[in-house]
Amino acid sequence: MGAMRTASRFAIFTILAFVWLVPGKDAGYAAPGISCAPATPQSTAAAESAAASPVAPGTAGFPAEGGTLTVFAAASLTEAFTDIGDDLEATHPGLDITFNFGGSQTLVTQMTGGAQADVFASANMTQMTAARDAGLIAGDADVFARNHLVIVVPAANPAKIDNAADLAGDGVKLVLALPEVPAGKYAREAICGMGDAAFVDVVASNVVSEEEDVRDVLAKVELGEADAGIVYVTDAKAGGDTVIAIDLPAGAGPVATYPIAAVQGGDVALAEGFIGYVLGPEGQATLAGYGFEPTGA
Amino acid sequence: MRRLEESDAMTVGAPGLARIRSAERAGASPRADDDAASDPVPPPDGRSWTARLAWVLPLPLLLLLALPLVALVWRGLTVGEGLTADRVAALRQALALSAVTSTVSMALIVMAGTPLAWLLARRQFRGSRLIDVLVDLPIVLPPSVAGIALLLAFGRFGLAGQWLDRAGITLGFTTAAVVMAQCFVSAPFYVRAAAGAFARVDRDLEEMAADLGANPWEVMRTITMPLVLPGLLAGLVLAWSRALGEFGATIMFAGNFPGITRTMPLAIYSAYGSGDLETAVLLSIALLVASAVVLAAVRYVGAGRR
């Protein structure tokens with residue numbers, strides 16, 4: 001009856017493992033709330049504009065022989081950059097552009113891990129700075145677009161959400177991006193701007209899932225699994241009829257800032273050609289068409 | 001001819017190889033005798049050339065298997081000082097959730113899967129073929145397909161989900177959804193192993209016990225169960241490791257929230273996605289150790305069977 005003995009030993013081991021695992025009251029890892037920083041939006045905005053160099057639009061062209069360009073870009077840029085890439089490939093024979101879209105923080109992790117890009121476009125300054133600190137960025141970062149947040153709800157609006165205050169409703173299933181994702185960081189700042197500490201706590205307790213990038217948030221809302229999510233205006237637009245966008249109260253939402261830069265070790269000439277186009281009138285017009293706020297180049 | 005036979009054995013796998021080996025040992029392979037009559041015996045250096053190739057070719061594969069694990073442990077040794085209270089808390093939270101959900105999943109799988117395996121092994125009934133396929137499918141199904149399928153079935157607007165929602169039961173973003181995802185992907189491993197174990201039991205023993213006056217329950221308890229138990233346990237640990245590693249279906253169907261749905265694999269993914277590679281490494285090592293324990297248990301149980 002060796003098997004019986006084995007089974008009982010296995011059970012005892014399992015029970016012992018559980019005793020260690022089952023957390024004590026002092027474990028101190030209650031569901032993550034939202035901690036609101038003392039609001040100093042002016043100073044961060046100032047830091048961002050200081051970090052961004054003045055724009056020299058549309059001067060750089062692509063090398064005549066073309067080549068292969070790899071662009072790592074924030075998930076929210078998916079449609080706009082794909083469109084820009086198609087335009088560029090159509091007008092520049094021999095140019096081949098590959099995109100890798102994802103959460104800006106994931107893109108930085110990938111590049112740190114050795115993935116070679118030529119251009120990095122981030123959804124916030126924090127991740128661009130992280131990339132620069134990791135020695136990944138060549139030259140200066142230019143701000144090429146701004147974006148705003150909205151609340152999205154499924155077209156059927158199961159939780160009957162009409163305004164930001166309804167996010168604190170009983171049992172509302174709210175989905176945000178992870179706090180390290182630019183969209184998640186902005187969303188938490190927005191929630192902090194919507195009401196007092198008690199309101200923020202209730203909304204934080206309504207968060208049911210934290211996603212890897214802003215498009216995963218949109219997907220959960222489009223499917224109707226979540227009652228609400230906080231995404232960029234541009235994502236809500238990309239979601240089409242499947243979602244309803246609800247504006248944040250005036251002044252509640254931070255302005256998302258998108259910097260772009262050439263990547264260390266990449267093809268600098270191609271990178272500058274792409275960045276120049278994005279900053280130039282055509283690129284800015286395409287971005288505006290997808291709901292981004294052009295930086296006025 | 002002989003060389004061909006050997007390469008055949010490699011593709012057939014271990015059972016085929018064992019059969020051919022025993023035939024060789026007995027010297028009773030008719031094909032080998034025929035060859036010996038017409039062809040000269042292949043020179044011994046031809047054989048050693050094959051053997052040398054068999055040693056060289058797998059080296060890249062072995063490196064591919066070993067290096068990542070070595071790198072993980074190596075990196076883990078340097079994470080030591082980064083072992084902050086936050087990280088340990090995140091580890092324990094994810095590990096506890098993984099342990100609880102996978103245990104509940106295993107309990108459910110054993111309860112439903114053992115009788116099912118017995119039926120599949122012992123009874124021919126209408127639809128048994130269909131159930132066979134149904135049980136096998138999740139083994140070959142990519143987890144992301146499982147995630148989409150679960151969403152379409154049990155999501156809020158899914159086939160069954162909309163009725164559940166109307167009854168006030170929502171599964172999305174709950175720990176129950178994690179258990180469902182785990183059961184979906186891991187149950188087949190248990191049912192397959194258990195059915196195999198039931199099929200291998202010598203029916204004569206059971207009949208003998210019945211002839212000696214044991215009722216069906218006593219036969220089951222004293223003859224069948226002890227014989228199949230090692231097989232059930234082996235299947236269980238395999239299913240357990242599969243449930244522990246469940247990722248795709250969970251993140252798509254159950255969501256990703258600490259303490260509720262963020263099991264170990266999701267915690268690793270979230271830490272990586274947050275740029276916190278050190279936490280990801282720490283969690284990965286914990287899961288590696290857990291998997292090694294499971295593997296050791298499988299070996300141990302397997303050895304006990306012989």
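Chain identifiers are assigned alphabetically (A, B, ...) following the order of the sequence lines, protein sequences preceding nucleic acid strands; residue numbering begins at 1 within each chain.
The aromatic rings of A/Tyr232 and A/Tyr186 stand perpendicular to each other, their planes meeting at an angle above 60°, with 30° marking the opposite boundary.
We find that A/Asp235 and A/Arg215 are joined by a salt bridge, their nearest charged nitrogen and carboxylate oxygen being less than 4.0 Å apart.
The structure places CG of B/Leu67 at 12.0 Å from CG of B/Leu72, a figure rounded to the nearest 0.5 Å.
When heavy atoms are compared at a cutoff of 4.5 Å, B/Ile251 approaches chain A solely by way of its backbone atoms N, CA, C and O. Of the atoms belonging to A/Glu210, heavy atoms from both backbone and side chain fall under 4.5 Å from chain B. At a 4.5 Å heavy-atom cutoff, the contact between A/Val208 and chain B is made by backbone and side-chain atoms alike. Only the side chain of A/Val175 comes within less than 4.5 Å of a heavy atom of chain B; its backbone N, CA, C and O stay farther away. In this structure, the portions of A/Leu223 lying under 4.5 Å from any heavy atom of chain B include both its backbone and its side chain. In this structure, the portions of A/Gln105 lying under 4.5 Å from any heavy atom of chain B include both its backbone and its side chain. At a 4.5 Å heavy-atom cutoff, the contact between A/Ala226 and chain B is made by backbone and side-chain atoms alike.
A/Asp133 CG: more than 12 foreign heavy atoms inside a 6.0 Å radius.
In plain terms, the two heavy atoms of B/Ser98 and B/Met264 that are nearest each other are OG-N, 2.9 Å. Here the closest heavy-atom approach between residue B/Ala243 and residue B/Met106 is recorded as CB-CE, 3.6 Å. Residues A/Ser76 and A/Tyr258 approach most closely at OG-OH, 2.7 Å, considering heavy atoms. When every heavy atom of A/Leu136 is checked against every heavy atom of A/Val108, the shortest pair comes out as CD1-O, 4.1 Å. Nearest heavy-atom pair across A/Ala75 and A/Val214 is CB-CG1, 4.3 Å.
For B/Tyr272, the ring pair (Phe, Tyr, Trp, His ring centres under 6.0 Å) criterion is met by no residue, not counting sequence neighbours.
Against chain A, the residues from residues 147-170 of chain B that qualify, each with a non-hydrogen atom under 4.5 angstrom away, are B/Leu151, B/Gly155, B/Arg156, B/Phe157, B/Thr170 in number order.
Contact count against chain A (heavy-atom pairs under 4.5 Å) is highest for B/Ser274 among B/Ala85, B/Ala254, B/Ser274. Counting heavy-atom pairs closer than 4.5 Å to chain B, the top residue among A/Asp216, A/Asp213, A/Val207, A/Val181 is A/Val207. Most heavy-atom pairs under 4.5 Å with chain B, from the set A/Lys173, A/Glu211, A/Gln110, A/Glu180: that is A/Glu180.
Side-chain contact annotation: B/Asn256 with B/Ser270, donor-acceptor N/O pair under 3.5 Å present.
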